[in-house]
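Each remark here refers to the structure printed beneath this line.
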Amino acid sequence: MNKIIRGGRVLDPGNIDSIQDIYIKNGLISEAFPDSEANEIIDAKNLIITPGLIDMHVHLREPGHEYKETIETGCHSAAAGGFTAVCSMPNTNPVNDNPQTTRFIIKKASEAGFSRVYPVGAISNNLNGQKMCEYGDLKQAGAIAISDDGMPVENGMLMRRAFEYAKAFDLLVISHCEDLNLAANGSMNEGETSTKLGLVGIPNISESLVVSRDIGLCELADGKLHIAHVSTEESVNVIRDAKKRGIKVTCETAPHYFTLTDKSVGDYDTHAKMNPPLRSENDRLAIITGLKDGTIDIIATDHAPHSALEKDVEFDKAANGIIGLETSLSLGLKLVIDKQINLDDLIVKMSKSPASILGIDNSIKIGNNADLTLIDLSREFLVDSNEFKSKSKNSPFVGWKLKGQAVKTIVSGNVVFDRH
Amino acid sequence: MSFNKKHILDIGSLSHEEITHILDTADSMKEISERPVKKVPTLRGKTIILFFHEPSTRTKVSFDIAAKRLSADSISISSSGSSMVKGETLIDTAKNLQAMRPDIVVMRHSSSGASNILSKVLDTSVINAGDGMHAHPSQSLLDMMSIREVKGDLKGLKVAIIGDIAHSRVARSNMEGLKTMGAEVIISGPPTMIPIGIESYGVKVTYDVNEAVAGADVIIMLRIQKERQENFLFSTEREYSKTFGLNEDRLKLADPNVLIMHPGPMNRGVEISNEVADGPYSVILEQVTNGVALRMALFYLLAGVS
């Protein structure tokens, strides 16, 4: 199958920014060929074409929680959000702490035929913080990183050894930073709102303390650390300092942390409940500053599908998490519209940096996989839960009017999502 | 005035006028409990469900008696006897109750915001009888009724609330209500029990109980839950009692006509000494009597009987 993507603005930050055609042959970006050899010519006029977006933090829920999401629906949701690839977190049932599960995820994703999935294996067996998994086997089966996401690794010695041992297999360690004693089973950010609502609060220090610990351990072990879902000003400061000292640390934040604050909990809205929780306005602004100055490398969604069974309950009993794949790009573009970051920066944080952290070359250049996202910056839309491809609807952004959306997602030259 | 509230979920959403109207109505209800035949037909044919998803003696009995004195049919459900122990969700249980066409549902629940959820699912009126650490509006209203009864007006009174503010729904509702009514509120207790952001209530905070007690017109003591020691909120009952408890010596600092209140149940010898609890300034049992009248007033106003 030969394809030409015609007339779009090709934006591969640091590489290309011009109106040009892209030629695809056998799933790869190729030299130009005559129109007569094309099976399809895609009109990309008034669209921008970027290297495929990559979401490093997604919960696909399969195996085990298929009523919330399956690999197929999750990948469909990813494609609809413009993502050509996602990293799937290991807190499934069974946990992805073994090569069989890793292979199962890759096989299912490939059968689904939407976005690529790079499975993240567990740090500890069953995520229980007791024993190290077989990282070598996980890597061989296709795991791209390791993480106990959802659960912090409480034992500092295990975390140290995980950094050290993972080096043998060149595996990135993704850390969910949380001190469970300080978090105290809280259900929202600690502050004026939690006091008013009578909910147990989670202080900022429960995150930044462990961010500090893991940066220290990573430095000691000379490992490779990526910090998941940064939500506080203190964490941003600690990471900024670590980067200045040359430590190999990267980090992500999620769109909700730069868009919302704990005020969104409002009248006990469980769609504003996640872990880490929505923080104060001060933290939200610090996250934006971190995105601007490069302290925060990437935007990832922490896409966490839950059904009404987990969300239509008492606030303190509700599950943590919201879906994010289908609103992430538009919320990122809102930062661009609001002149907080520029478009190049956004594409770096949603595509180029995740790729480089994961060791993937997704540049738009001849010979590379044709993984591309076509974005209509002017498209305005209302976030409608009926349009979500995700099996779950737990989003606090339903009803929001947003501008800018992916209209075509191309993986290996195949259009896996086409918005009509 | 007409009373337009459909639910009583917290105190913060009630205006000065609405609180005054509730207290006035409660005052007029009080006399019914003094009669030889303590019953009026006002709410005959009305059904009130008391849904107590957390243990309670005094509040539940108080609501139940209030309903019966107004001739409403009241039905009590407790969590151990409800299908929620069989795994039914709060919303499903609520919808099933709704299907039986009650007029008012009174709920006590261990989760903050549970009554707010209920009010969104039910067509009937909801009264929050205490939800987690969030609110306990009927307690706060009966406290204000008890204060007003003796002091005439709440405006300008110095009210001290002492104890575990952070975990207390009574403290939250009283801070909101008393501030709305123009009282000066001073909060005291160990710093571990003072929640972050308390300034937003417009109250004064001191860790020195003597300062809080000095010149106080009203002192509301809160129950210390002994299991809180496990969460490192205080050292020992002995030290708590000595430093933050109310005893006769400390009471001498207060206004000579001070009122001592406690929402109960009391830990005698911990937050309040026997002498103070049973002493001449205590209106702790009067609070319980007023509780019935206040809850009768809430039923009456919500049932929309004119």
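Below, read A as the first sequence line, B as the second, and so on, with proteins coming before strands; counting in each chain starts at 1. In what follows, every heavy atom counts, from backbone to side chain, and hydrogens, waters and symmetry copies are set aside.
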Exercise. NZ/B:Lys120 to CG/A:Asp312 distance, rounded to the nearest 0.5 angstrom?
Worked result: 10.5 Å

Exercise. Side chains of B:Pro195 and A:Glu192: does their closest heavy-atom pair fall under 4.5 Å?
Worked result: no

Problem set entry | Residue B:Arg169 versus chain A: region with a heavy atom under 4.5 Å | neither

Problem set entry | A:Lys263 atom NZ, over 12 foreign heavy atoms within 6.0 Å | no

Exercise. What option among A:Val200, A:Asp267, A:Thr193 has the most heavy-atom pairs under 4.5 Å with chain B?
Worked result: A:Asp267

Exercise. Within the side chain of B:Arg172, is there an N or O that forms a donor-acceptor pair under 3.5 Å with the backbone of A:Thr195?
Worked result: yes

Exercise. B:Glu176 versus chain A, heavy atoms under 4.5 Å apart: side chain, backbone, both or neither?
Worked result: side chain

Exercise. Given the options A:Glu190, A:Lys317, A:Lys196, which has more heavy-atom pairs under 4.5 Å with chain B than any of the others?
Worked result: A:Lys196

For this session: Specify which of B:Gly113, B:Gly197, B:Ala114, B:Ser168 makes the most heavy-atom pairs with chain A at under 4.5 Å.
Result: B:Gly113

Problem set entry | Gap separating the CG atom of A:Asp316 from the NE2 atom of B:His134, nearest 0.5 angstrom | 12.5 Å

Exercise. Can you tell me how far the CD atom of A:Glu314 sits from the CG atom of B:Leu118, to the nearest 0.5 Å?
Worked result: 9.5 Å

Problem set entry | Heavy-atom neighbours of A:Asp338 CG exceed 12 at 6.0 Å | yes

Problem set entry | Value rounded to 0.5 Å, distance of OG in B:Ser112 from CZ in A:Phe315 | 10.0 Å

Exercise. Got more than 12 heavy atoms from elsewhere within 6.0 Å of NZ, B:Lys5?
Worked result: yes

